[in-house]
Visitor: 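Got a structure for you, written out below as structure tokens; questions coming shortly.
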Amino acid sequence: MGFTVAIDGPAAAGKGTIAKRLAAHYGFAYLDTGLLYRAIGRVASQRGLDLDDGATMGTVALALDPAILDDGSLRGREAGELASRVAVHAPVRAALTEFQRGFARRPGGAVLDGRDIGTVICPEAEAKIFVTASPEVRARRRTDELHAKGRAVDYETILDEVLARDRRDTGRATAPLRAAPDAALLDTSELDIEEAFQAACRIVDASLHRRNGA
Ligand code: CDP
């Protein structure tokens with residue numbers, strides 16, 4: 001029987017790490033939906049297309065070759081910026097909906113992370129978690145992550161990027177970033193990864209018990 005865990009939240013709140021660990025822990029499949037938007041942004045910019053043209057971006061989304069999702073550089077800052085620009089367009093989001101829903105309903109269970117999983121893609125998900133942290137904490141984490149990779153970036157620049165991305169993601173008309181009314185809120189500002197993962201497990205366990213009628 002299917003069981004969907006929907007994880008949403010702003011950039012660098014820790015949702016990717018939590019989602020991956022939950023998937024491994026429960027033996028569920030995992031989909032990082034941000035990668036889909038990143039890939040569309042990358043392809044469109046490589047082709048020199050107008051990222052503000054929703055109809056054109058929709059056709060790029062419909063023709064997306066899944067092989068590109070394995071490209072590790074998609075997780076970088078530039079692709080994140082391009083992603084949030086193409087993600088504002090309704091035709092782009094519509095082109096990705098069926099794929100994400102199909103993934104979510106896999107018989108073995110699935111974890112999806114993104115911005116609109118609990119609100120638009122899987123409003124019927126058995127477990128919903130909205131992962132947040134203060135912008136300062138998120139910028140600090142992202143800066144440390146980049147320093148660990150040997151990148152010379154400063155905290156203020158990253159904080160500006162985080163705030164700009166938050167504004168774009170929460171302010172857009174189509175599928176804005178927000179917590180579903182029935183999502184459990186998980187603020188990781190004061191938690192390390194292990195504590196955040198344990199808190200997420202408690203939320204999923206409670207949903208599993210509810211589903212199993214225990
Ligand atoms: O890990 P991080 O939060 O930096 O990035 P991501 O989850 O890969 O998302 C990159 C961008 O894609 C976000 O800023 C959103 O604009 C967009 N996105 C979205 O609109 N809907 C999703 N389900 C996932 C990502």
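All ligand and atom numbering here is 1-based and tracks the order in the structure. FYI, the numbering just counts along the sequence from 1.
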Visitor: Going by the side-chain contact (heavy atoms from CB on, under 4.5 Å) test, name the single residue among Ile7, Val5, Asp32, Thr4 that passes it with Leu112.
Guide: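 Only one option passes, and that is Thr4.
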
Visitor: Which atoms of ligand 1 are found less than 4.0 Å from any heavy atom of Asp116?
Guide: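 Once the distances to Asp116 are compared, the set is 23 (N).
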
Visitor: Where does the angle between the aromatic ring planes of His25 and Phe197 fall among parallel (under 30°), tilted (30 to 60°) and perpendicular (over 60°)?
Guide: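 Taking Phe197 first and then His25, their aromatic rings stand perpendicular (interplane angle over 60°).
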
Visitor: Side chain or backbone of Glu81 under 4.0 Å from ligand 1, or both, or neither, by non-hydrogen atoms?
Guide: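 Neither; nothing of Glu81 gets under 4.0 Å from ligand 1.
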
Visitor: May I ask you to identify the nearest protein heavy atom to atom 23 (N) of ligand 1, giving residue, atom name and distance to one decimal place in Å?
Guide: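 For atom 23 (N) of ligand 1, the nearest protein heavy atom comes out as Thr33 OG1, 2.9 Å.
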
Visitor: Among all protein heavy atoms in this structure, tell me which lies nearest to atom 21 (N) of ligand 1, with the distance rounded to 0.1 Å.
Guide: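 Going by distance alone, atom 21 (N) of ligand 1 is nearest to Arg93 NH2, 3.0 Å.
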
Visitor: Suppose we measure from atom 16 (O) of ligand 1 to each protein heavy atom; which comes out shortest, and what is that distance?
Guide: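 Residue, atom and distance for the closest contact: Asp169 OD1, 2.6 Å.
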
Visitor: Among all the protein's non-hydrogen atoms, which is closest to atom 10 (C) of ligand 1, and how far away is it?
Guide: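 Nearest protein contact, heavy atoms only, for atom 10 (C) of ligand 1 is Arg165 NH1, 3.4 Å.
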
Visitor: Are Glu81 and Arg168 within salt-bridge range, i.e. N to O under 4.0 Å?
Guide: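 A salt bridge is present here (some side-chain N lies under 4.0 Å from a carboxylate O).
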
Visitor: With a cut-off of 4.0 Å, which atoms of ligand 1 are near a heavy atom of Gly114?
Guide: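 Those atoms are 22 (C), 23 (N), 24 (C).
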
Visitor: So do Thr56 and Asp50 actually touch side chain to side chain, heavy atoms under 4.5 Å?
Guide: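 No - every pair of side-chain heavy atoms lies 4.5 Å or more apart.
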
Visitor: Are Leu177 and Leu35 joined in one hydrophobic group, where the rule is that I, L, V, M, F, W and Y side chains link up if heavy atoms are under 4.5 Å apart?
Guide: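 Leu177 and Leu35: separate clusters.
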
Visitor: Looking only at protein heavy atoms, identify the closest one to atom 3 (O) of ligand 1 and say how far it is in Å.
Guide: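 For atom 3 (O) of ligand 1, the nearest protein heavy atom is Arg115 NH2, 2.9 Å.
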
Visitor: So, are Glu195 and Arg202 salt-bridged, with charged N and O less than 4.0 Å apart?
Guide: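 No.
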
Visitor: Where is the nearest protein heavy atom to atom 17 (C) of ligand 1: which residue, which atom, and how far?
Guide: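 Result for atom 17 (C) of ligand 1: Ala87 CB, 3.7 Å.
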
Visitor: Hey, any chance Val43 and Ile40 share a hydrophobic cluster, counting ILVMFWY side chains that come within less than 4.5 Å of each other, even indirectly?
Guide: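 Linked, Val43 and Ile40 end up in one cluster.
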
Visitor: Between Arg138 and Ala12, is there a donor-acceptor pair closer than 3.5 Å when you use the side chain of the first and the backbone of the second?
Guide: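 Pair absent, no side-chain N/O of Arg138 close to backbone of Ala12.
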
Visitor: Out of Arg75, His89, Arg142, who is nearest to atom 1 (O) of ligand 1 when you count heavy atoms only?
Guide: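 Looking at heavy atoms only, the winner is Arg142.
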
Visitor: Run the numbers for me: atoms of ligand 1, each under 4.0 Å from some heavy atom of Tyr37, listed by number.
Guide: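 Those atoms are 12 (O), 18 (N), 19 (C), 21 (N), 22 (C), 23 (N), 24 (C), 25 (C).
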
Visitor: Say whether Arg172, considering both its backbone and side-chain N or O atoms, lies within less than 3.5 Å of an N or O atom on ligand 1.
Guide: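 For ligand 1, there is an N or O atom that lies under 3.5 Å from one belonging to Arg172.
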
Visitor: Under a 4.0 Å N-O cut-off, is there an ion pair linking Arg21 with Glu194?
Guide: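 Yes, this pair counts.
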
Visitor: Which residue supplies the protein heavy atom nearest to atom 5 (O) of ligand 1, what is that atom called, and how far is it?
Guide: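 Going by distance alone, atom 5 (O) of ligand 1 is nearest to Arg38 NH2, 2.9 Å.
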
Visitor: Is it the side chain, the backbone, both or neither of Arg77 that has a heavy atom closer than 4.0 Å to ligand 1?
Guide: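 Near ligand 1, Arg77 shows nothing, with every heavy atom at 4.0 Å or more.
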
Visitor: Is it the side chain, the backbone, both or neither of Lys15 that has a heavy atom closer than 4.0 Å to ligand 1?
Guide: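 Contact part for Lys15 vs ligand 1: side chain (C-beta onward).
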
Visitor: Between Gly34, Pro176, Gly76, flag the one that comes closest to atom 25 (C) of ligand 1 by a heavy atom.
Guide: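 Nearest heavy atom to atom 25 (C) of ligand 1 lies in Gly34.
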
Visitor: Should Phe28 and Leu22 count as side-chain neighbours, where that means a heavy-atom distance under 4.5 Å?
Guide: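 Result no, sub-4.5 Å side-chain heavy-atom pair not found.
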
Visitor: Do any N or O atoms from the side chain of Asp8 and from the backbone of Ile117 form a donor-acceptor pair under 3.5 angstrom?
Guide: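 Indeed, once roles are kept as given, a pair shorter than 3.5 Å links the two residues.
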
Visitor: Considering only protein heavy atoms, which is closest to atom 12 (O) of ligand 1, and at what distance to one decimal place?
Guide: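 Of the protein heavy atoms, Ala83 CB, 3.5 Å lies nearest.
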
